[in-house]
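One structure is given here, and the rest of the page talks about it.
Residue numbers count from 1 along this sequence. If you're wondering where the values come from, they're calculated on a predicted model, not measured in any experiment.
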Amino acid sequence: MSSLIKNVVEEEMTDEVIPLHQISSNMLSKMLEFAQHHSYLPPEPPKKPVPVNFVGAVEDPWDENWVKSLSEDQLIEMIKAANFLDFKSVFDLCACYTASLFKGKSIEELKAKYGIQEEFTEAEEARIKQENPWTMEDINERLNL
């Protein structure tokens, strides 16, 4: 299920070492649990638009329980590990679940949850918007969520 591992195995079966020092054994164990549950075949991707609280976003309730069992720190670690290993089904599941955590929340709620206190002055905000006009586009349309 990991394209990186699949490509290394399929290329000449060399003794090439895959550097996994960036990935904890806990994350590898969780990925293996996911792969085994799905008989090493990629499951259906999460539904879009991603529902608030992720309820009904995936076909298999086991996937929903699996991703919801991760703490926010583990979720970030899993996204990084899945990205590194090119484990698309785990990456998509975790990214969509993360998006669902933000969906329907106001900027004020997110600032409070993550302890964001820094505010831009009106001039700074205007400069940022001018330099990055894409920030004003509808994020849900761009991400197809």
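In this structure, L101 and L75 have side chains that are in contact, with non-hydrogen atoms separated by less than 4.5 Å. You'll find the side chain of V50 stays beyond 4.5 Å of the side chain of Y97, heavy atoms only. Considering only heavy atoms from C-beta on, L85 stays 4.5 Å or farther from Q22 through its side chain. Taking the side chain as every heavy atom from C-beta outward, E77 and S24 approach each other to under 4.5 Å. Residues P43 and V58 have side chains not in contact (no heavy-atom distance under 4.5 Å, counting atoms from C-beta outward).
Hydrophobic clustering keeps W66 apart from I76 (ILVMFWY residues linked when any side-chain heavy atoms are closer than 4.5 Å, directly or through intermediates). Cluster annotation: F54 is connected to F102 through the hydrophobic network of ILVMFWY side chains, with a link wherever side-chain heavy atoms come within less than 4.5 Å.
Remark: the backbone N or O of C94 is paired with a side-chain donor or acceptor of T98 at under 3.5 angstrom.
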Item to complete: Evaluate the criterion side chain to side chain contact (heavy atoms under 4.5 Å, CB included) for residue pair D60 and E44; output intermediate values, then yes/no.
Response: CA-CA 9 Å; D60 187 344; E44 288 294 318; over 6 Å; no
Worksheet item: Please walk me through it: do F87 and S89 pass side chain to side chain contact (heavy atoms under 4.5 Å, CB included)?
Response: CA-CA 6 Å; F87 199 155; S89 54; 3.4 Å; yes
Discussion item. Go through it in stages, so that I can follow the logic: the residues are K105 and V52, the test is side chain to side chain contact (heavy atoms under 4.5 Å, CB included), and I'd like the CA-CA distance, side-chain angles, deciding distance and then a yes or no.
Written reply: CA-CA 10 Å; K105 294 195 173 45; V52 176; 6.0 Å; no
Practice prompt. Please assess L32 against Y40 for the test side chain to side chain contact (heavy atoms under 4.5 Å, CB included), listing each intermediate value before the final yes or no.
Written response: CA-CA 9 Å; L32 182 59; Y40 301 96; 3.8 Å; yes
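With respect to M78, the side chain to side chain contact (heavy atoms under 4.5 Å, CB included) criterion is satisfied by exactly one of N26, V90, I23: V90.
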What pairs of donor and acceptor atoms, side-chain ones from residues 110-117 against any protein atom, are under 3.5 angstrom apart with sequence neighbours left out?
| unit_1 | atom_1 | unit_2 | atom_2 | d |
| --- | --- | --- | --- | --- |
| K111 | NZ | E119 | OE1 | 3.2 |
| K111 | NZ | E119 | OE2 | 2.5 |
| K113 | NZ | E72 | OE2 | 3.1 |
| Y114 | OH | E72 | OE1 | 3.1 |

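Between the CG atom of L28 and the NZ atom of K30 there is a distance of 13.0 Å, given to the nearest 0.5 Å.
The aromatic rings of H38 and W62 sit perpendicular to each other, their planes meeting at more than 60°, with 30° as the lower class boundary.
Heavy atoms of other residues, nucleotides or ligands lying less than 6.0 angstrom from CD of E33 number more than 12.
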